[in-house]
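As structure tokens, the structure follows; a few thoughts come after it.
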Amino acid sequence: EARSVNTPFKKITGSKMSMNALISIISLFVFGMLWGMAGLVLALPLTAMLKVIFDHSDSKYIADRVKMYTQLGEIYKLFPDCMHSKIKIPLHKQPFSIIRSMAEVSRSDFQKIQKYVVNQNAGLKSCLEKGGDILDIGSGLGYGAMHFSYLYPKAKVTAVEIDARAARESRRNIHDSGLDNNIQVKNADILKTKLAKKFDFIYMNLALHEVCERYKDKVSFIRKCHKLLKENGFLLVSELPFSSDIKDHRSIFTQMLTGVQVFEAVLGDSLTTIAEFKSLLRSGGFKNCKVVKQPDPTRVFFLCRKKYL
């Protein structure tokens, strides 16, 4: 039975990583004892996550991720109830501790966005340096908004966050950083919010898969983003790289991310592949899109422009 539910991950014990068969069996036993069927499904992806955590040499990296995966472990217990009731729990209604942990773990993403997206695009960088308008959708604790405000003090950032708890904490963070005049935080649902101005740069970091569940609603949301952009404005979508090719699921990073993504899908988010994101952006009006080359296998960056790229 354990072998059948973990068929997509059976290659995890192969030559692509050093986790041997004994460790795999132990993980199946332990997680199966803890969480039953859900534990058997998640055993190997979770073990792969732990290996990635402890193979990394940066102590802060390890601490942040241990904290996040500890929080995830508690929420995994909700799997059976969610599958039985078919009632999902959106992220903004989950314990705030998991939201804070995820924000801390993804904080370094903005350095990658700066290095591999903004610095490589002269038009975008010049616009921000001159004082462009930035929209941060799903702004969390405000780390992205503060990052861009520090680098581009002339720019004005509007940060929209649906979770009232996160919005309050982001306002405190922004105030403590002395950036109140540069950043406006809105505690609102971006789908229902009317914004008075248009923007030069809109970005979402690990937020698009949380917006809506139905594909057609996501398309409507992307069309709204298209309308909110100024002519020649940029949209950046940073997401988890979920592949539709089963062969890709033999890599350690895909196995690691699959555990997190399945968790989010069961609790209210959509399990969206890279191909589906591309199709979604095209359907939403962005014909000029590209995947940005960058070294982090746990992220995929889509850069779109309203007119020419």
Side-chain angles (χ1 to χ4, degrees), residues 60-61 63-72 75 89-114 117-118 133-152 155-180 182-193 195 199 201-212 218 221 225 228 235-240 257 260-261 263-265 267-270 272 296 298-302:
K60 188 176 187 305
Y61 179 103
D64 287 342
R65 279 148 185 77
V66 167
K67 186 175 180 181
M68 185 188 78
Y69 290 126
T70 300
Q71 297 293 336
L72 286 177
I75 298 179
I89 306 172
L91 190 62
H92 67 276
K93 292 185 179 180
Q94 293 172 22
F96 189 57
S97 56
I98 185 63
I99 297 172
R100 182 182 285 113
S101 297
M102 287 182 171
E104 293 296 339
V105 166
S106 60
R107 191 171 184 170
S108 63
D109 289 353
F110 302 107
Q111 296 173 1
K112 300 167 194 169
I113 291 171
Q114 180 64 35
V117 178
V118 180
D133 292 305
I134 302 172
L135 175 61
D136 180 351
I137 298 177
S139 54
L141 304 188
Y143 294 144
M146 290 188 291
H147 172 87
F148 287 110
S149 290
Y150 276 129
L151 291 179
Y152 305 105
K156 295 295 182 182
V157 182
T158 301
V160 180
E161 172 56 50
I162 191 172
D163 191 310
R165 301 164 298 177
R168 284 194 297 271
E169 186 155 329
S170 68
R171 289 190 182 103
R172 286 196 295 269
N173 292 336
I174 290 165
H175 176 74
D176 292 343
S177 301
L179 296 169
D180 301 84
N182 301 71
I183 305 170
Q184 179 187 21
V185 178
K186 289 181 175 290
N187 174 210
D189 183 345
I190 187 64
L191 298 172
K192 302 174 183 177
T193 300
L195 298 171
F199 300 89
F201 183 40
I202 299 176
Y203 68 89
M204 291 172 264
N205 188 41
L206 303 180
L208 182 53
H209 66 271
E210 296 176 4
V211 178
C212 314
K218 286 184 180 292
F221 167 67
C225 292
L228 284 171
L235 170 69
L236 174 72
V237 176
S238 168
E239 274 294 343
L240 300 173
L257 291 171
V260 177
Q261 290 170 307
F263 149 75
E264 290 197 340
L267 294 184
D269 302 326
S270 62
T272 308
D296 185 355
T298 68
R299 294 289 183 271
V300 58
F301 294 161
F302 302 94

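The figures that follow rest on heavy atoms only: side chains count, while hydrogens, waters and symmetry mates do not.
The side-chain tip of R165 does not point at the ring of F96 from less than 6.0 angstrom away and within 45° of straight on.
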Might you work through the side chain to side chain contact (heavy atoms under 4.5 Å, CB included) test for I137 and I202, ending with a clear yes or no? CA-CA 7 Å; I137 298 177; I202 299 176; 3.7 Å; yes
For side chain to side chain contact (heavy atoms under 4.5 Å, CB included), just list the numbers for S139 and K186, CA-CA rounded to whole Å, side-chain angles, deciding distance to a tenth of an Å, and then say yes or no. CA-CA 9 Å; S139 54; K186 289 181 175 290; over 6 Å; no
Show your reasoning for whether side chain to side chain contact (heavy atoms under 4.5 Å, CB included) applies to L236 and F302. CA-CA 6 Å; L236 174 72; F302 302 94; 6.0 Å; no
Which is it for D180 and R171 under the side chain to side chain contact (heavy atoms under 4.5 Å, CB included) test, yes or no, and what are the steps along the way? CA-CA 8 Å; D180 301 84; R171 289 190 182 103; over 6 Å; no
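Atom CG of D189 is separated from atom CD of E161 by 10.5 Å, given to the nearest 0.5 angstrom. H209 NE2 to M204 CE: the interatomic distance, rounded to the nearest 0.5 Å, is 12.0 Å. Of the inter-residue distances, the one linking S149 atom OG with I174 atom CD1 reads 7.5 Å to the nearest 0.5 angstrom.
Scanning for side chain to side chain contact (heavy atoms under 4.5 Å, CB included) contacts around L151 gives Q114, H147, with sequence neighbours left out. Residues meeting the side chain to side chain contact (heavy atoms under 4.5 Å, CB included) test with Y150, sequence neighbours left out: M146, S177, L179. For R168, the salt bridge (Lys or Arg N to Asp or Glu O under 4.0 Å) criterion is met by no residue, not counting sequence neighbours.
Using a 4.5 Å cut-off on side-chain heavy atoms (C-beta onward), I134 and Y203 make contact. Side-chain atoms of E239 and T272, non-hydrogen and from C-beta on, never get closer than 4.5 Å to each other. Side chains of L228 and L135 form a contact here, defined as non-hydrogen atoms less than 4.5 Å apart. With a 4.5 Å cut-off on side-chain heavy atoms, I190 and I162 do not count as touching. With a 4.5 Å cut-off on side-chain heavy atoms, F148 and D136 do not count as touching. Counting heavy atoms from C-beta outward, V185 and N187 have side chains that stay 4.5 Å or more apart. Between V211 and L191 there is a side-chain heavy-atom pair separated by less than 4.5 Å.
A salt bridge does not link D133 with K156: every distance from a Lys NZ or Arg NE/NH1/NH2 to an Asp or Glu carboxylate oxygen is 4.0 Å or more. Contact check on K112 versus D109 returns a salt bridge, with a Lys/Arg side-chain nitrogen under 4.0 Å from an Asp/Glu carboxylate oxygen.
Closest heavy-atom contact between S170 and G142: CB-N, 3.6 Å. In plain terms, the two heavy atoms of A188 and V160 that are nearest each other are O-CG1, 3.6 Å. Taking each heavy atom of L141 and R100 in turn, the nearest pair found is CD1-CG, 4.0 Å.
Side-chain atoms of N205 and S238 form a donor-acceptor pair, as typed in the model, at a separation below 3.5 Å.
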